[in-house]
Amino acid sequence: MSGKSLLLKVILLGDGGVGKSSLMNRYVTNKFDSQAFHTIGVEFLNRDLEVDGRFVTLQIWDTAGQERFKSLRTPFYRGADCCLLTFSVDDRQSFENLSNWQKEFVHYADVKDPERFPFVVLGNKIDKLDRQVSTEEAQSWCLENGNYPYLETSAKDDTNVAVAFEEAVRQVLAVEEQLEHCMLGHTIDLHSSSKSGSSCC
Ligand SMILES: Nc1nc2c(ncn2[C@@H]2O[C@H](COP(=O)(O)OP(=O)(O)OP(=O)(O)O)[C@@H](O)[C@H]2O)c(=O)[nH]1
Ligand SMILES: [Mg+2]
């Protein structure tokens, strides 16, 4: 277990009204507002947590999903360690827009290696009865677009909200460990004739 606390920036993206602010507020303040206002630009909140023995300060950036606020949100994508692509299970269009959100993020965050970047997909509002996107459909989108973890949440009922943010941390830590492993492999390579450890990067 490392004693060092890690600061991780995670960013919530998705159409206006899918529940990004509600997820962040549920997780950080344990409150839910059924009359929430649309976000303008970006807001962020921090929460400390421990995942698999690592102490982490999660800096959650909540963005405005409405198209008219695009120029206000995109400057904040850089430096994100994980992107939570969010849709609402009762809003098919928000699910169909996931690819656009992914592309917007990769472009404005200037992600060098999109294949390895940790995305997590959230299907929010599972408390609602008028579902337009099935679990299976969402899972297969995740599988086809990068094998991303998929979690179904309800900010209203506090279903899977903490699990979702913890999964984001796990994804970042997994990439970090992979990179450390690769760097170690290269270091060993410099001092020996063996080619072991050079296969992952
Ligand atoms: N039933 C239900 N309603 C939710 C849930 N999450 C959010 N809402 C409601 O959906 C509406 C929009 O939620 P927001 O959190 O403001 O959505 P947003 O994604 O932040 O929207 P923008 O800021 O415009 O991008 C609000 O009325 C919330 O109360 C949920 O899990 N279940
Ligand atoms: Mg919002």
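Both ligands and their constituent atoms are indexed starting at 1 by order of listing. We count residues from 1, following the sequence as given. These numbers come from the heavy atoms of this one structure, side chains and all, not from hydrogens, waters or symmetry mates.
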Atoms in ligand 1 flagged as close to Ser154, the criterion being non-hydrogen separation under 4.0 Å: 31 (O)

For the residue pair Ile126 and Thr159, establish whether any side-chain heavy-atom pair is separated by less than 4.5 Å. yes

Nearest heavy-atom contact between Asp62 and Lys20 is OD1-CB, 3.5 Å

Among all protein heavy atoms, pick out the one at the shortest distance from atom 16 (O) of ligand 1; state its residue, atom name and that distance to 0.1 Å. Ala36 CB, 3.6 Å

Between Lys125 and Glu152, does at least one N-O distance fall below 4.0 Å, as a salt bridge requires? no

Hey, is ligand 1 close enough to Gln66 that some N/O pair sits below 3.5 Å? no

If you round to the nearest 0.5 Å, how far is CD1 of Ile60 from CG of Leu12? 7.0 Å

Taking only heavy atoms of Ser34, which atoms of ligand 1 are found under 4.0 Å from at least one of them? 27 (O), 29 (O)

Nearest neighbour of atom 20 (O) of ligand 1 from the list Gly41, Gly65, Ser94, Ser21, on a heavy-atom basis: Ser21

Protein heavy-atom partner closest to atom 24 (O) of ligand 1 - residue, atom, separation in Å: His38 ND1, 2.4 Å

Of all the non-hydrogen atoms in the protein, which one sits nearest to atom 31 (O) of ligand 1, and at what distance? Ala155 N, 2.9 Å

Is there a heavy atom of Phe32 sitting under 4.0 angstrom from any atom of ligand 1? yes

Donor on one side chain, acceptor on other, Asp48 and Thr57, under 3.5 Å: yes

Gly14 to ligand 1: N or O pair under 3.5 Å? no

Start with the C-alpha distance between Lys112 and Asp110, add both sets of side-chain angles, then the distance that settles salt bridge (charged side-chain N to carboxylate O under 4.0 Å, His left out), and finish with yes or no. CA-CA 6 Å; Lys112 298 283 182 270; Asp110 198 18; 2.8 Å; yes

Quick one: look up the protein heavy atom nearest atom 32 (N) of ligand 1 and list residue, atom name and how far away it is. Asp127 OD1, 2.7 Å

Keeping waters out of it, list the protein N, O or S atoms under 2.8 Å from the Mg ion (ligand 2). Ser21 OG, Thr39 OG1

Can you find an N or O of Gly17 that's nearer than 3.5 Å to an N or O of ligand 1? yes

Chi angles and distances behind the side-chain hydrogen bond (donor to acceptor under 3.5 Å, both in side chains) call for Asn124, Ser88: CA-CA 5 Å; Asn124 190 40; Ser88 175; 5.9 Å; no

What residue and atom, counting heavy atoms only, is the protein's closest point to atom 10 (O) of ligand 1, and at what distance? Lys125 NZ, 3.0 Å

Quick one: is the NZ or CZ of Arg47 closer than 6.0 Å to the six-membered ring centre of Tyr27, and within 45° of its axis? yes

How long is the span from the CG atom in Asp127 to the OG1 atom in Thr153, to the nearest 0.5 Å? 9.0 Å

Please list, in number order, the atoms of ligand 1 under 4.0 Å from a heavy atom of Thr39. 22 (P), 23 (O), 24 (O)

So for Ser88 against ligand 1, with non-hydrogen atoms under 4.0 Å, the contacting part is neither

Phe105 and Phe119 aromatic ring geometry - parallel, tilted or perpendicular at 30°/60° bounds: perpendicular

Show your working on salt bridge (charged side-chain N to carboxylate O under 4.0 Å, His left out) between Arg54 and Glu176 and close with a plain yes or no. CA-CA 12 Å; Arg54 292 288 299 265; Glu176 194 194 62; 3.5 Å; yes

Any N or O of Lys128 that comes nearer than 3.5 Å to an N or O of ligand 1? no

Side-chain touch Asp158/Asn30, heavy atoms, less than 4.5 angstrom: yes

Under the side-chain hydrogen bond (donor to acceptor under 3.5 Å, both in side chains) criterion, do Ser21 and Glu43 qualify, and how do the steps go? CA-CA 9 Å; Ser21 303; Glu43 290 168 4; 5.3 Å; no

Walk me through whether Gln93 and Asn97 qualify under side-chain hydrogen bond (donor to acceptor under 3.5 Å, both in side chains). CA-CA 6 Å; Gln93 190 60 52; Asn97 285 340; 3.2 Å; yes

Among all protein non-hydrogen atoms, which one is nearest to atom 15 (O) of ligand 1, and what is the separation to 0.1 Å? Ser22 OG, 2.6 Å

Give the atoms of ligand 1, by number and element, whose distance to some non-hydrogen atom of Asp33 is under 4.0 Å. 28 (C), 29 (O)

Give me the ring orientation class for Tyr108 and Tyr77: parallel if the planes are under 30° apart, tilted from 30 to 60°, perpendicular past 60°. perpendicular

Any idea which protein heavy atom is nearest atom 6 (N) of ligand 1, and the distance to it? Asn124 ND2, 3.2 Å

Taking the side chain as everything from C-beta on, heavy atoms only, tell me whether Leu8 gets closer than 4.5 Å to Val169. yes

What protein heavy atom sits nearest atom 17 (O) of ligand 1, and how far off is it? Gly19 N, 3.1 Å

Indicate yes or no: does an N/O atom of Thr153 lie under 3.5 Å from an N/O atom of ligand 1? no

